[in-house]
Amino acid sequence: MTTGKFLRQLLFAVIFVATILPRPGMADTSAPGIDTLMRAVVSVFPEWPEGRFDAEEPEGSGVVVFDGMAVVTALHVLEISSGSDNVERATTAHVRTSNGIIVTARVAAIDAATDLAVLVLDEPLPAMSFGGDPAIGEEVCAIGNAFGLGLSVTCGTVSAVHRAGVGFNTIEDFIQTDAAVNPGASGGALVNEQGELVGVLSAIFTKDSDANIGVNFAVSAPLVQR
């Protein structure tokens with residue numbers, strides 16, 4: 001990364017946080033605050049069959065949407081290989097909020113073609129509103145549970161929209177971004193400067209290692225809504 005690009009991304013991160021946090025003495029009439037956005041993103045812990053455990057990626061992420069009773073996540077967060085190309089899927093899970101509250105969830109719907117799943121919660125949580133397709137070059141931030149360390153925020157740029165034929169899913173409508181995304185963040189939120197959900201974090205394009213190299217994909221919000 002060049003010094004100029006790094007400084008631009010750092011400046012955006014500062015502006016992003018500054019613009020979505022309410023100013024002292026003023027009503028917040030702009031975008032949701034960063035704390036509000038993070039309350040709408042959860043860590044996901046699938047409940048595997050007895051004796052099963054995903055040591056490589058035991059945790060994932062999800063985004064609370066609609067009425068606060070639904071969490072959309074990446075389907076592969078709920079899957080574990082059982083050998084011979086067989087895959088087992090969790091039917092229940094727990095989600096952990098940014099302030100440590102644990103809520104039980106059940107898998108209500110899956111769509112293998114888009115690698116998406118919907119969990120239904122036992123009790124409502126703050127939800128995130130959907131946005132439309134971002135513009136190429138627009139600044140965005142990713143919120144997810146990278147490496148199971150807890151929720152964190154990384155920021156970057158929209159590199160491309162409507163990416164298809166990448167080879168991850170049967171049906172693809174990806175937003176490509178250089179915002180850092182790492183294992184555990186799958187199912188997390190890609191948000192714009194207005195604090196709207198523009199994509200659900202899905203995949204990392206990599207050659208030799210499962211770590212961020214600046215080419216990351218999120219399922220577009222319009223596809224998630226459909």
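Values reported hereafter were calculated over all heavy atoms of this structure, with side chains retained and with hydrogens, waters and symmetry mates removed.
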Taking every heavy atom of G156 against every heavy atom of A179, the minimum-distance pair comes out as N-CB, 3.7 Å

Sequence neighbours left out, what passes side chain to side chain donor-acceptor pair (under 3.5 Å) with S152? Give chain and number order.
none

Salt bridge (Lys or Arg N to Asp or Glu O under 4.0 Å) against R226, all qualifying residues, sequence neighbours excluded:
none

Quick one: are L75 and R89 in side-chain contact, heavy atoms under 4.5 Å?
yes

Return the orientation label for the F205 and F168 ring planes: parallel under 30°, perpendicular over 60°, tilted otherwise.
perpendicular

Min side-chain heavy-atom separation V219-F174 under 4.5 Å:
yes

Test of understanding: clusters of I, L, V, M, F, W, Y form through side-chain heavy atoms closer than 4.5 Å, transitively. Do F45 and V107 belong to the same one?
no

I'd like a table of donor-acceptor pairs (distance under 3.5 Å, sequence neighbours excluded) in which one partner is a side-chain atom from residues 140-149, with atom names and distances.
residue, atom, partner, partner atom, Å
N145, OD1, L149, N, 3.4
N145, OD1, G150, N, 2.8
N145, ND2, S43, OG, 3.4
N145, ND2, E59, OE1, 2.8
N145, ND2, G60, O, 3.4

Same cluster or not: V95 versus I101, using hydrophobic residues (I, L, V, M, F, W, Y) connected whenever any side-chain heavy atoms lie under 4.5 Å apart?
yes

Value for CG (L201) from CZ (F217), rounded to nearest 0.5 Å, stands at 12.5 Å

Same cluster or not: V166 versus L223, using hydrophobic residues (I, L, V, M, F, W, Y) connected whenever any side-chain heavy atoms lie under 4.5 Å apart?
yes

In short, V153 meets M38 closest at the heavy-atom pair CG2-SD, 4.0 Å

Using the rule given for side-chain contact (heavy atoms from CB on, under 4.5 Å), can you reason through V103 versus H94, listing the C-alpha separation, both sets of side-chain angles and the distance that settles it, and then say yes or no?
CA-CA 6 Å; V103 178; H94 289 93; over 6 Å; no

Show your working on side-chain contact (heavy atoms from CB on, under 4.5 Å) between L190 and N216 and close with a plain yes or no.
CA-CA 11 Å; L190 189 70; N216 306 302; over 6 Å; no

Looking only at heavy atoms, which two atoms of G68 and L121 are closest? And how far apart?
O-CD1, 3.5 Å

What is the distance from atom CG of L151 to atom CZ of R39, rounded to the nearest 0.5 Å?
12.5 Å

Do the side-chain N and O atoms of S220 and D173 include a donor-acceptor pair separated by under 3.5 angstrom?
yes

Say whether, by atom type as modelled, one donor and one acceptor occur between the side chain of T73 and the main chain of S61 under 3.5 angstrom.
yes

Would you indicate whether the side-chain heavy atoms of L37 and M128 approach each other to under 4.5 Å?
yes

Side chain to side chain contact (heavy atoms under 4.5 Å, CB included) against V161, all qualifying residues, sequence neighbours excluded:
P134, I136, V158

Nearest non-hydrogen partners of M69 and E123, listed with the distance:
SD-C, 3.5 Å

Going from NE2 on H76 to CG on L78, what distance comes out if it is rounded to the nearest 0.5 angstrom?
9.5 Å

Common cluster, V65/V118, ILVMFWY with side-chain heavy-atom separation under 4.5 Å:
no

Report yes if some heavy atom in the side chain of P183 is under 4.5 Å from a heavy atom in the side chain of I204; otherwise report no.
yes

Under the rule for side chain to side chain donor-acceptor pair (under 3.5 Å), what residues qualify as partners of N169, not counting sequence neighbours?
none

By the ring-ring contact (aromatic ring centres under 6.0 Å, His included) test, which pairs, at least two apart or in different chains, include something from residues 112-139?
F66-F130

Does any non-hydrogen side-chain atom of E172 lie less than 4.5 Å from one of R163?
no

Between the CZ atom in R96 and the CD1 atom in I102, the distance rounded to the nearest 0.5 Å is 6.0 Å

Would a 4.5 Å heavy-atom cut-off, applied to side chains only, mark P222 and D133 as touching?
yes

Please check: side-chain N/O of N192 versus main-chain N/O of V198, any donor-acceptor pairing under 3.5 Å?
no

Contact between L119 and R106 at the side-chain level, heavy atoms closer than 4.5 Å - yes or no?
no

With side chains defined as the heavy atoms from C-beta onward, is the minimum distance between E88 and W48 less than 4.5 Å?
no

For A90 and P46, which heavy atoms make the closest approach, and how far apart are they?
CB-CB, 3.7 Å

Drop me the distance from N182's CG to T154's OG1, to the nearest 0.5 angstrom.
8.0 Å

